[in-house]
Amino acid sequence: MSSVLDNPPAARESAAPKTVPAQTDGFHLVIDALKLNGIDTIFGLPGIPITDLTRLAQAEGLRVISFRHEQHAGNAAAAAGFLTQKPGICLTVSAPGFLNGLTALANATTNCFPMILISGSSEREIVDLQQGDYEEMDQLAIAKPLCKAAFRVLHAQDIGVGIARAIRSALSGRPGGVYLDLPAKLFSQTMDAVAGRDSLIKVIDPAPRQIPAPDTVQRALQVLESARRPLILLGKGAAYAQADDEIRALVEKTGIPYLPMSMAKGLLPDTHEQSASAARSYALAEADVVMLVGARLNWLLSHGKGKTWGGPDPVKVAKKFIQIDISPTEIDSNVPIAAPLIGDIGSCVSALLAGIGDHWRKPPAEWTGAIADRKDKNLSKMAAMLRQDAVPMNFHGALGVIRDLVKERPDAIIVNEGANTLDFGRSIVDMYQPRKRLDCGTWGIMGIGMGFAVAAAVTTGKPVIAIEGDSAFGFSGMEVETICRYDLPVCVVVFNNNGVYKGTDVNPTGHADPAPTVFVKNSRYELLMEAFGGKGVVARTPAELKSALQEAVATGRPTLINAVIDETAGTESGRITSLNPAKAAINK
Ligand code: ADP
Ligand code: TPW
């Protein structure tokens, strides 16, 4: 049995019968449908019933990246989707493998990243009568509420439709996760090879441009022009949209200060003179008109209400919002939106640019000047902290080294998770290019680290630096073997402060059990990388960290740097202490 794509139609029509595969099967149809749609990589973990699918996929020229746990394969697929605008594919076995992948699918949907979780499943007849099949589970029903769309294919001739529907669902409108259920029996079903080929669908224009209505563009421009203190807020939707030139042109032509959300950093270089990042609190509180570009007013933006926005009364916050989004139901989700602009970001931003004539007046100098003053003050405060050479290192000392390296290698991709490691990392490490920063995202989830790092390396070939809290790293640490196995240019820097948030908690009972937030002190994380043939380094000073990092990035060799951080450094929950019920009560 071979791929129906091996024989182009013309060759097939004229070829002698014996060179034409008379029959094809479910395995090949799945592979052919993916290839036909430009999918070149599968992230997954083999086992019944998909082991042969992974083997055949590799044999047929797809890149198959095999993980140690499905959650990380799923996270890799999600990150690949974000980076490439093609749905990342995660392939898992039934019930437990499927469930392991499901967290990543739900997370991808929450982050608006396109991915497809394809899981093998047990026999429908047995599952539906609950007769106790191997890994029995009604996977489709379980997946449905956790993703954008879910489909099951029962017949080989429907594989093309199933994969086409999955791809279009993942990519069109607001991107997200899709589940595709492929029961074991499907793979061995056979059918006529030519009919099989004809059953496949190449998805045309899976994410069609959505042009905003002209009156909505005019309304948005009127609101923007009425502003005395305008602000543009760029979110990861703007990074995903790959409308980099248009966004930069809009920011620069209007002269409006902008703030990037964490994964939108680098859309314009963080050193851009219009960046208000170092005056964030001031800009959010004082702006009178805020234009959201692919960013939701969720918890990360205090729901558009309260003190952050110059509150206290949420409804009376004296601000007008313009919101550019592809999803109409996002509008008014938290506060009233004065000017919704519904469409894809490229089209919306282009329409705004076209509507901004030469008469455009840049924002008043009092506003841009006030932001610049605060920026200067905060940046010189930060520079003093970054100059500290404390040993043991604190977050600033270690992150300052990474900041310098990224300045030299702006093409490197940063993956970042943890609490303090994330919060400080986001504000200290400047980004210079779009889509070079991947992090915990909308849920603030731990465990994305190694999956995202693998995806970044596999899809771009660029150096990857994963900046990991020691707790955060633990969620996906075993994937260092995957990094070594595929010899990926990933340098993991573990910020080792002996615990969750910090390493100083004690058990108040005097019992020998350690406190719930602390780990084995002085753990040797670097040995994990050495166990699989990578390079392990301990860095106790900024100078040691610098030379290890430079070497890792220059050689591209899998490396883990155990960066020893002062165990008293850091605060509980990083910068979101207010969401921690007991601490919030104590701090009142
Ligand atoms: P952040 O966390 O960076 O603030 P969010 O994930 O909250 O960003 O918001 C991303 C938003 O971008 C979502 O509301 C999503 O619908 C929107 N979005 C994603 N892709 C596009 C696109 N191509 N065009 C317009 N909006 C998009
Ligand atoms: C899936 C809760 C938020 S941050 C964090 C946890 C466990 C780890 C913080 O310690 P770390 O970082 O990584 O050592 P640092 O810099 O402060 O020392 N489970 C999931 N997601 C989340 N967010 C948690 C638990 C959490």
Side-chain angles (χ1 to χ4, degrees), residues 71 75 82 85 103-104 107-114 171-176 207-210 212 233-243 247 259-265 267 292-301 323-331 333-334 341-349 394-395 398-399 416-425 437 439-449 467-476 494-504 516-519 563 565-567 569-576 579-580:
Q71 188 176 125
N75 284 329
F82 170 73
Q85 290 186 327
T103 306
N107 190 36
T109 308
T110 301
N111 279 330
C112 313
F113 294 169
L171 291 176
S172 62
R174 172 182 279 176
R209 280 196 307 150
Q210 294 191 26
L233 225 154
L234 304 173
K236 59 181 172 303
Y240 172 77
Q242 298 196 16
I247 288 170
L259 278 177
M261 298 298 285
S262 68
M263 284 180 60
K265 276 163 71 75
L267 262 175
L292 301 156
V293 185
R296 287 169 286 185
L297 283 174
N298 55 18
W299 71 281
L300 287 160
L301 285 169
Q323 184 159 26
I324 302 181
D325 208 290
I326 202 151
S327 170
T329 53
E330 184 55 39
I331 306 305
S333 59
N334 286 270
L341 198 50
I342 303 305
D344 67 279
I345 286 166
S347 300
C348 291
V349 171
N394 55 31
F395 288 95
L399 286 163
N416 193 191
E417 61 176 336
N420 296 279
T421 308
L422 176 83
D423 290 339
F424 287 119
R437 188 185 153 85
D439 66 28
C440 308
T442 301
W443 264 349
I445 197 169
M446 297 300 117
I448 48 85
I467 310 173
E468 300 277 313
D470 49 352
S471 164
F473 173 67
F475 287 73
S476 64
V494 177
F495 277 54
N496 184 2
N497 63 353
N498 294 340
V500 178
Y501 313 130
K502 47 171 139 187
T504 48
T517 57
V518 303
F519 295 152
I565 304 290
D566 183 351
E567 68 171 6
T571 54
E572 175 127 353
S573 308
R575 291 211 189 137
I576 52 171
L579 298 181
N580 197 356

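All values reported here derive from a predicted model rather than from experimental measurement. Whatever order the structure lists ligands and atoms in, that order sets their numbers, starting from 1.
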Quick one: does [X]'s side chain have a donor or acceptor within less than 3.5 Å of a partner on [Y]'s backbone?
X	Y	value
Asn497	Tyr501	yes
Gln85	Tyr240	yes
Asp344	Gln210	yes
Asp439	Asn416	no
Asn111	Gly441	no
Asn75	Ala104	no
Glu417	Gly449	yes
Asn496	Ala563	no

So if I count the atoms of ligand 1 from 1 in the order they appear, which ones are less than 4.0 Å from some heavy atom of [X]?
X	value
Thr442	6 (O)
Gly235	3 (O)
Asn298	7 (O)
Arg174	13 (C), 14 (O), 15 (C), 16 (O)
Tyr240	20 (N)

Looking only at protein heavy atoms, which one is nearest to [atom], and how far off is it?
atom	value
atom 3 (O) of ligand 1	Lys236 N, 2.7 Å
atom 12 (O) of ligand 2	Ala419 N, 3.2 Å
atom 7 (C) of ligand 2	Ser471 OG, 3.7 Å
atom 14 (O) of ligand 2	Asp470 OD1, 2.6 Å
atom 4 (S) of ligand 2	Met446 CE, 3.6 Å
atom 13 (C) of ligand 1	Asp325 OD2, 3.4 Å
atom 25 (C) of ligand 1	Ile345 CG1, 3.2 Å
atom 23 (N) of ligand 1	Ala241 CB, 3.7 Å
atom 10 (C) of ligand 1	Gly294 O, 3.1 Å
atom 13 (O) of ligand 2	Ala472 N, 2.9 Å
atom 4 (O) of ligand 1	Met261 CG, 3.3 Å
atom 23 (N) of ligand 2	Gly444 O, 2.9 Å
atom 16 (O) of ligand 2	Thr421 OG1, 2.5 Å

Which atom pair, heavy atoms only, marks the closest approach of [X] to [Y]?
X	Y	value
Gly499	Phe519	CA-CD1, 3.6 Å
Ala295	Gly235	CB-CA, 3.6 Å
Asn334	Leu297	ND2-O, 2.8 Å
Pro114	Leu171	CB-CD2, 3.6 Å
Thr421	Gly469	OG1-CA, 3.5 Å

Is the shortest N/O to N/O distance between [X] and ligand 2 below 3.5 Å?
X	value
Ile445	no
Glu417	no
Gly499	yes
Phe495	no
Asn497	yes

Quiz item: Is the closest N or O pair between Asp344 and ligand 1 shorter than 3.5 Å?
Solution: no

Heavy-atom pairs closer than 4.0 Å: do any link ligand 1 to the side chain of [X], the backbone, both, or neither?
X	answer
Leu301	neither
Arg296	both
Ile324	neither

Quiz prompt | Distance-only side-chain donor-acceptor flag, Thr110 / Asn107, under 3.5 Å | solution = no

Exercise. Return yes if a side-chain donor-acceptor contact under 3.5 Å exists between Thr442 and Lys236, otherwise no.
Key: yes

Exercise. Classify the angle between the aromatic ring planes of Phe424 and Phe395 as parallel (below 30°), tilted (30 to 60°) or perpendicular (above 60°).
Key: parallel

Exercise. Measure Trp443 to ligand 2 on non-hydrogen atoms and call it side chain, backbone, both or neither using the 4.0 Å cut-off.
Key: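 The answer is neither.
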
Exercise. Give a yes/no verdict on whether any heavy atom in Gly343 is under 4.0 Å from an atom of ligand 1.
Key: yes

Practice problem: Tell me which one of Phe519, Phe473, Phe475, Tyr501 gets a heavy atom nearest to atom 25 (C) of ligand 2. | Solution: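 Going through Phe519, Phe473, Phe475, Tyr501 one by one, Phe475 has the nearest heavy atom to atom 25 (C) of ligand 2.
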
Quiz item: Which of the listed options, Thr329, Val349, Ile326, holds the heavy atom that is closest to atom 26 (N) of ligand 1?
Solution: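 Considering heavy atoms of Thr329, Val349, Ile326, the nearest to atom 26 (N) of ligand 1 sits in Ile326.
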
Quiz prompt | Glu330 with Arg174: basic N within carboxylate O range, under 4.0 Å | solution = yes

Quiz item: For ligand 2, which atoms have a heavy atom of Val500 less than 4.0 angstrom away?
Solution: 8 (C), 9 (C), 10 (O)

Quiz prompt | Proximal atoms of ligand 2 relative to Phe395 (non-hydrogen, under 4.0 Å) | solution =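 Counting from 1, the qualifying ligand atoms are 16 (O).
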
Exercise. Measure the OG1-CD1 distance between Thr103 and Ile448 for me, rounded to the nearest 0.5 Å.
Key: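 Separation between the atoms: 13.5 Å.
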
